[in-house]
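Heavy atoms only: backbone and side chains are in, while hydrogens, waters and symmetry mates are out. In what follows, chains carry the letters A, B, and so on, assigned in the order in which the sequence lines appear, proteins first and then strands, with residues in each chain numbered from 1.
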Amino acid sequence: MQTIDAPVVSCGALRSSDEGRRVTLNGWINRRRDHGGLIFIDLRDHEGITQVVFDPAQASFTDAEQLRSEDVVTVVGSVRRRPEGTINAKLGTGEIEIVVDTLVILNRSAVPPFPVNLDETVNENLRLEYRYLDLRRPRMQHNLRTRHKIIKSMRDFFDAHDFIEIETPLLIKSTPEGARDYLVPSRLFPGSFYALPQSPQLLKQLCMVSGFGRYMQIARCMRDEDLRADRQPEFTQVDVEMSFVSQEDVMEIMESCVRTVWRDVLHHDVPTFVRMTHQDAMRRFGSDKPDLRYGLELTDVSDLFAASDFVVFRTAIDAGGSVIGVRYPGGASLSRRDFDALTESAKRHGAKGMVWVALGADGVKSSAAKFISPELAAEIGNRCDAVTGDAFLLFADATELTRTVAGRMRVEIATKAGLRDPKVFAFAWVTDFPYLERDEATGLPVPAHHPFSSPGPGQWELIDSDPFAMRAQHYDMVLNGYELGSGSIRIHQAAQQRRIFAMLGMSDEQVEDRFGFFVRALEYGAPPHGGMALGIDRLVMLACGEEDLREVIAFPKNQAFRDVMMDAPSPVPGKLLRELYLTSTAPQAEDGR
RNA sequence: GGCGCUGUAGCUCAGUUGGUUAGAGCGCCGCCCUGUCACGGCGGAGGUCAUGGGUUCGAGCCCCACCAGCGUCGCCA
């Protein structure tokens, strides 16, 4: 770059008060308007756009004629107030323009594969293949800069509260519990593997044993799980652990952190988080991560059908199940076809069927009109807070299943009714999770969270008599129907940890092999401790009003977990494999796809 | 892995009942244009209709297979 005497300013900085200043601007050609005898250039950087004018009297005019979209230039010139009637109110810099005396074309651009200067929808894989161009667009600039501010705000918050950030290793030991590990073969120890961390869980607990009573880390985590829209193979967490604390202490600091971020970065005052138990969440919303931006709570109307002639509902109730209603605001105007589509959707969510009742101004309509008198419809409507013009949907089956189905339909209704406003942030804590779940395939107990969480006070007694009734000191932070993160008070005594492993069916040998180092650490004066991890990608996504994690990650994998820009994963030369003592058994290992 | 939707120009899309030479806007190239800001005008280039097979006198359109993308469910202590 040549030396330039005029001060450098950003493309969003200049105002009419800068008139007469001689300045330097660096940026990309956002748009060119060539009038033949007069050329306007919109020069863009991440701060904004400034109009630059060339006329034929200037030496740079011939160079300006060559400029095309996305060329990179330096212009030196003076700030001029735009002539009367040519002010552009859409630009912050719209009152001025730059009259150029020097134009330096630093680099030309090939014709971009998609418009960089428009927020037009473009095939996502094309965006990802040319991610560096996609990231030039204002939306991505904004999202990543917001992400930076959020992470910085968190680090500042924890620093101010005496936490220290400790880096934990990426090459660790594989443990067969939980999600599938990403493995890294060891060249120096043939046949052995490191694993990439699914989270720094054990390491941060060891930091507690070491006396670092307040730990945090912006930690990368990797899980080799199946593809999902809302998932990336690697993701970022703000990971926190504290010694000598209660569940309340951890929740307080995490809530305070998030509220600080929302205040400082989004300038948004978040009220004290709503709290509810897991049991209540399931009963009222059919979900352990309820979206609290709207009501539409599930309503149990089993008693109204206890003596009904409606065999379907009666059967469910007699078998100990429930009939649950969900209000559909404005749903009375839906067509039969709409209700059929809802029914199909409910079946996909696991329902056996669905009964709809529309409370129209012209009377009650229902898919089960024979069994639901207008009086009964009115009574159910009343309980669901439905008014004329609304509809409600009824589901009947085993209670737990019915709640889950109704909970998913509640979200679907809210989506259709436009109740999911991305500008509204409804935070909540869900507490008192069950300690165990039943593995669907084997029927064996598996931890609902992880085996390092501690059962709550008084829960240990249930371990032999009724283990599935045990509650954990485990809490989830929920935002708008998304789980932002999970935390728990941990087990800090070796004997208790061994007891849990045993309950999960692990032999002493297995415990020693997989977690020996960890249980041993608990034997050396491990303090009581607990913590939490929040998913940064998800949190930033919601903060930015985005609906896809990839919109807040600089270089994400695509939906098939491929990096389409670098083309990864990809085959490697046989020499590399041999050094690692690996042989591929993949079909067509030559090209690897 | 299951199910649903989509695949046509560089991008975003249209394409009727199966019928002659497959279109539009933006972008790109050339010429013209001194106050535009999504500048304007004239002209032009650009297509394996994802791929393979089938039905048909004739397929972008119908059928089968396959690939890719998108969504969703299974999975994610």
Closest listed nucleotide, where the reference is the side chain of [X] and the choices are [options]:
X	options	result
A/P113	B/rU34, B/rU36, B/rG10	B/rG10
A/R223	B/rC76, B/rG35, B/rU34	B/rC76
A/H35	B/rC76, B/rU12, B/rC39	B/rC39
A/D34	B/rU36, B/rC33, B/rA38	B/rC33

Same-atom distance ([atom1]) from [N] to [M], integer angstrom:
N	M	atom1	value
B/rC28	B/rG10	P	15 Å
B/rG27	B/rG44	C1'	14 Å
B/rU56	B/rG69	P	35 Å
B/rC13	B/rC70	P	14 Å
B/rU6	B/rC49	C1'	14 Å
B/rG23	B/rC3	P	38 Å
B/rC67	B/rG52	C1'	10 Å
B/rA50	B/rU16	P	14 Å

Only pairs under 3.5 Å count here: list side-chain donor-acceptor contacts from residues 107-114 of chain A, not counting sequence neighbours, and write none if there are none.
from	atom 1	to	atom 2	distance (Å)
A/R108	NE	A/D71	OD2	3.1
A/R108	NH2	A/Q66	O	2.5
A/R108	NH2	A/D71	OD2	3.3

RNA chain B: 5'-proximal contact among A/R80 and A/H450 (nearest heavy atom): A/R80
Can you tell me how far [atom2] of [N] sits from [atom1] of [X], to the nearest Å?
X	N	atom1	atom2	value
A/D181	B/rC76	CG	C1'	13 Å
A/E225	B/rG1	CD	P	16 Å
A/E65	B/rU34	CD	P	12 Å
A/E344	B/rC3	CD	P	15 Å
A/K289	B/rC76	NZ	P	13 Å
A/R33	B/rG35	CZ	C1'	10 Å
A/N117	B/rC37	CG	P	15 Å
A/I39	B/rC37	CD1	C1'	15 Å

Find every protein N or O atom lying less than 3.5 Å from an N or O atom of nucleotides 23-31 of chain B, and list the pairs.
from	atom 1	to	atom 2	distance (Å)
B/rC29	OP1	A/R68	NE	3.4

Which residues share a salt bridge (Lys or Arg N to Asp or Glu O under 4.0 Å) with A/R127, sequence neighbours left out: A/D134, A/E551
Short side-chain N/O contact from A/K90 to OP1 or OP2 of B/rA38, under 4.0 Å: yes
pi-stack flag for A/F114 and B/rC11, centroid dist under 5.5 Å, interplanar under 30°: no
With sequence neighbours excluded, residues passing side-chain hydrogen bond (donor to acceptor under 3.5 Å, both in side chains) with A/R499: A/D464
Donor-acceptor pair present, A/R82 side chain and B/rC37 base, under 3.5 Å: yes
Hey, does [Y] have a side-chain heavy atom less than 4.5 Å from the side chain of [X]?
X	Y	value
A/L25	A/V9	yes
A/Q559	A/E124	no
A/T168	A/Q217	yes
A/Q205	A/F518	yes
A/R514	A/M506	yes
A/R410	A/L298	yes

Under the 3.5 Å Watson-Crick or G-U criterion, the dot-bracket string of RNA chain B, with | for inter-strand pairs: (((((((..((((.....[...)))).(((((.......)))))......((((..]....)))).)))))))....
Straight-line distance of A/S453 OG to A/Y435 OH, nearest 0.5 Å: 5.5 Å
What is the nucleic acid contact for [X], judged by heavy atoms within less than 4.0 Å: base, sugar-phosphate only, or nothing?
X	result
A/Q198	nothing
A/I49	nothing
A/P447	sugar-phosphate
A/T86	base

Backbone of A/F452 reached by a side-chain donor or acceptor of A/H450 within 3.5 Å: yes
Proximity of A/Y182 and A/Y194 rings by center, below 6.0 Å: no
Proximity of A/F54 and A/F40 rings by center, below 6.0 Å: no
Residues, nucleotides or ligands: over 12 heavy atoms within 6.0 Å of A/K557 NZ: yes
Nucleotides 67-72 of chain B: protein proximity per nucleotide (B base, S sugar-phosphate only, - neither; heavy atom, under 4.0 Å): --SSSS
